[in-house]
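Worth saying up front: this structure is predicted, and the values here are computed from it rather than measured.
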Amino acid sequence: MAANPLETSAPSSARKVVHAVCSHDCPDSCGVLVTVDELTGRAVKVQGDPSHPVTRGFLCGKVAKYLDRVYSPDRLLYPMRRRKGVAKGSLPQGRETEAFERISWDEALDEIAAKLTKIAAEFGPESVLPYSYAGTIGQLGYGSMDRRFFHRLGASQLARTICAEAGGTALKAVYGVKLGTVPQDFAHAGLVIAWGANIHGNNVHLWPFIEEARRKGRGWW
């Protein structure tokens with residue numbers, strides 16, 4: 001992880017380590033240790049929790065650089081509206097942000113509410129189709145507040161599983177139930193078959209258990 005200037009902003013006595021968990025939509029639910037500068041309330045370091053039984057202190061590249069994104073000067077913090085008369089793709093590369101202007105939260109909410117109201121009145125509320133999945137899996141952000149809003153609006157209802165519906169259906173068709181394997185059990189497998197899977201890229205925390213099985217002389221295909 002790139003050096004963060006915040007790490008030198010306070011003596012170690014003014015820091016505390018908070019036990020957390022990655023909130024991204026990943027079944028690994030990595031244990032995370034976050035070092036917080038108590039004087040500023042800002043996180044200064046993110047590292048994996050070595051006591052986590054599956055991830056064992058290793059974080060993926062995305063989460064290892066979490067602070068680079070959280071405190072990036074390019075992070076979008078306020079509502080932005082496309083400027084009138086500026087069409088999509090009309091500005092040269094590198095100047096795309098000039099197409100937008102900052103507006104207040106009240107303006108943004110009023111505009112969105114007005115558009116949804118107009119659409120519902122003209123075509124019916126079910127013409128509004130919510131489209132999202134987990135992103136982050138906190139209780140408020142996933143499967144809670146937005147569901148209440150769209151249900152009250154009368155929007156169309158659908159299975160909100162953009163990437164998991166096909167796999168879940170396949171598991172039920174073959175096994176009758178959506179039931180996975182405990183990652184630690186792979187270390188005891190007599191044969192591991194990776195069928196159409198890029199384990200190094202998409203299931204990085206499973207690989208150490210497969211390597212453990214190989215060291216025991218197990219089969220691998």
Please report the closest heavy-atom contact between [X] and [Y], naming both atoms and the distance.
X	Y	result
W105	Y78	CZ2-CA, 4.4 Å
L39	A14	CG-CB, 3.9 Å
V204	P208	O-CD, 3.4 Å

Residues forming a salt bridge (charged side-chain N to carboxylate O under 4.0 Å, His left out) with R83, sequence neighbours excluded
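Salt bridge (charged side-chain N to carboxylate O under 4.0 Å, His left out) check on R83 returns E101.
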Taking only residues two or more places apart in sequence or in another chain, which ones pass salt bridge (charged side-chain N to carboxylate O under 4.0 Å, His left out) with R95?
E98
Go through the structure and list residues passing side chain to side chain donor-acceptor pair (under 3.5 Å) with T97, not counting sequence neighbours.
none
Atom NZ of K62 and atom SG of C30: how far apart are they, to the nearest 0.5 Å?
11.5 Å
How many angstroms lie between CH2 in W207 and CZ in R214, if you round to the nearest 0.5 Å?
6.0 Å
Checking one residue: [X]. Which other hydrophobic residues are in its cluster under the side-chain 4.5 Å linking rule?
X	answer
V17	L33
L91	V86
L116	I112, I119, F123, V128, F149, F150, L153

Could you tell me if the ring centre of H188 sits under 6.0 Å from that of F209?
no
Give the C-alpha distance, both sets of side-chain angles, the deciding distance and a yes or no for side chain to side chain contact (heavy atoms under 4.5 Å, CB included) between Q157 and E126.
CA-CA 8 Å; Q157 298 184 31; E126 288 191 359; over 6 Å; no
Would you indicate whether the side-chain heavy atoms of [Y] and [X] approach each other to under 4.5 Å?
X	Y	result
V63	H24	yes
R147	P130	no
V34	V36	yes

Please answer whether the main-chain N or O of [Y] pairs with a side-chain N or O of [X] as donor and acceptor at a distance below 3.5 Å.
X	Y	value
Y71	R42	no
R75	V70	yes
S72	R69	no

For residues 170-183, run the donor-acceptor check on the side chains, cut-off 3.5 Å, and write out each pair with its distance to 0.1 Å, sequence neighbours left out.
none

Counterpart residues, side chain to side chain contact (heavy atoms under 4.5 Å, CB included), relative to [X] (two or more places apart):
X	value
A197	A194, I199
N198	H200, N202
L129	S156, L158

Contacts satisfying salt bridge (Lys or Arg N to Asp or Glu O under 4.0 Å) that involve residues 111-122 (not counting sequence neighbours) are R81-E111
Just distance, no hydrogens or angles: give the donor-acceptor pairs under 3.5 Å from side chains in residues 46-60, sequence neighbours left out.
from, atom 1, to, atom 2, distance (Å)
D49, OD1, S51, N, 3.0
D49, OD1, S51, OG, 2.7
D49, OD2, S51, OG, 3.2
H52, ND1, V54, N, 3.1
H52, ND1, T55, N, 3.1
H52, ND1, T55, OG1, 3.1
H52, NE2, S29, O, 3.0

